[in-house]
Structures are given as structure tokens and as C-alpha cells.
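Heavy atoms only: backbone and side chains are in, while hydrogens, waters and symmetry mates are out. Numbers here are sequence positions counted from 1. Read the numbers this way: they start at 1 and go in the same order the structure lists the ligands and their atoms.
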Amino acid sequence: MTTTKGHFPEHIAIIMDGNGRWAKAHHRPRAFGHKAGMDNVKTLTKAASRMGIKVLTLYAFSTENWKRPTDEVNYLMQLPIDFFNTFIPELMAENVKVNVMGFLEELPEKTRQVTYQAMADTADNDGMILNFALNYGSRAEITAAVQQIGREVANQKLDPETIDEATISQHLMTTSLGALADPDLLIRTSGELRLSNFLLWQLAYSELYFSDAYWPDFTADELASAIAVFQGRDRRFGGL
Ligand SMILES: CCc1cc(N2CCCCCC2)n2ncc(-c3ccc(F)cc3)c2n1
């Protein structure tokens, strides 16, 4: 069997964890950590684009994050607005195409509008896809896919005998990524060793890399190190 050793990861997904603890370690409020985290999103986006990454998926807000204190959620919901208000020119200069996946209809109006506008503004770019997971949860994503498949079977648009793994993949929020939908490499920062309801279907054969660095401290060099470790691994995809 041909080895995957040395292959460069096309799709990298990152759970950007540790922003609150980073703020605490710097004796600052949590919001300061979230702001530092957003600044690092800008830095790592440009670095990943220049490394030749084809898709960078970033877990920005989970369906479970609504349980956080109201003032923190309100601050977080402002971050996409701040991000695009300050970064669209650089995204255009980098030829980056923005995609935002999640239950966007549940977002505050202004947050939702700015994400749609960013997707429209960058739609013609054919460089790296910067794919934000915003109000996203994998079990909810899979449940919505099963509900839609059920509707199509009930409407006789879909023969249940033809349902296969591709059918499920095509009904997930990553379907627009096509052959790049499944991450080659998942990175989680801050030392947590959990998937936290992120891309559970898509990560079936992904390599997992855990960094002890808090997200604001996760540098482009750390990303390069994670990629080097990935290239040293020999992926099996279930085989020998
Ligand atoms: C809605 C919560 C949130 C939090 C957040 N943090 C705070 C915690 C995670 C670490 C990164 C910084 N960022 N950083 C960028 C975005 C963003 C999301 C969507 C989008 F289309 C453009 C930008 C972001 N969104």
C-alpha cells in the first residue's frame, strides 16, 4: 500500500482553546484573551495561506457556548464584526475565500449579516478557504442532515436503498468543500484532549495533534511543527 508519509495536509482544522486561561495568566479579563485570540486568527490565517494550506477550519463558537455569561456571549458575537471590519482588505490581498458554517439563523442580526457579506465579498477568491465554524455543533449538524434525508425520502426524492456514506457527507455543512471536506489534521490547543462535538463525522480518519500552548500563543512556527509531525505519520485509513 502506498504510504501517505511526507504528504502535506490540505485541510487543517483547529479548536482554538485556552483564550480565557491565557487572559487569567496575564491578569486580564477574559475579553482580553478573546481579543488576543482573534488577533492570532489573523496571523495564522496569513501564515497558513502562505504555507499552501487549501482549507483552514476554525472552531469559533459552539452550540454549547450560549451557556456562557450573557456579557461574554455579547462580546463574542461582536468579534466577527470586528474581524471583518479590520481584515477584509488583507483577506482580499491574500486571495482568501471565507466560508462560515453553523446555525447562522440563530445569530444576532449584525453578526449574521457581516458573515454573509464577507462570504459575498470573497466569493471570487480562489486561494485558501478560511472556514469558520460559528454556532456549530457536530451532533446537531448530523441530526439536521438525517432530518433532511428523511424529508427527501418522504417526498420520494431519495430512494432509501441508495443512501450511503456519501449521502450523509453531502448533507453536512462541509459539503461545499467537496473532496476537501474531511480534515487531514486536527489541532487542539491548551492541552485539552477532547473533540468537543466538533466535526465528528469528518474527523473519522484525521490525524490528531495536541499543543499545550494557549491559542493566543500558538504561533506560525507551532503550526509548522504540527505539519512536520503530520508529515512524519503514516496514515492507515483503516488498512495495515
Ligand atoms: C463568535 C465567536 C468568535 C470568537 C473568536 N475568538 C474568541 C474565541 C476563540 C479564539 C479566537 C478568537 N473569534 N475570532 C474570530 C472569529 C470569527 C468568527 C466568524 C467569522 F466569520 C469571523 C471571525 C471569532 N468568533
### Within the 4.0 Å heavy-atom sphere of ligand 1, strictly under, residues
M16, N19, H34, G37, M38, V41, A60, F61, L76, M77, L79, P80, F83, F84, V100, T115, F132, L134, W215
### E109 atom CD: more than 12 heavy-atom contacts under 6.0 Å
yes
### Summary
With sequence neighbours left out, the residues meeting side-chain contact (heavy atoms from CB on, under 4.5 Å) with S206 are P183, L203
### Task
Please step through side chain to side chain contact (heavy atoms under 4.5 Å, CB included) for the pair V229 and E207, ending with a clear verdict.
CA-CA 10 Å; V229 167; E207 291 295 319; over 6 Å; no
### Message
Taking side-chain hydrogen bond (donor to acceptor under 3.5 Å, both in side chains) as the definition, give me every residue that meets it alongside Q117, ordered by chain and number, with sequence neighbours left out.
### Response
D121
### Query
By side-chain contact (heavy atoms from CB on, under 4.5 Å), which residues pair with P108, not counting sequence neighbours?
W66, M77, T111
### Query
Going hydrophobic residue to hydrophobic residue with side-chain gaps under 4.5 angstrom, can you get from I14 over to M101?
no
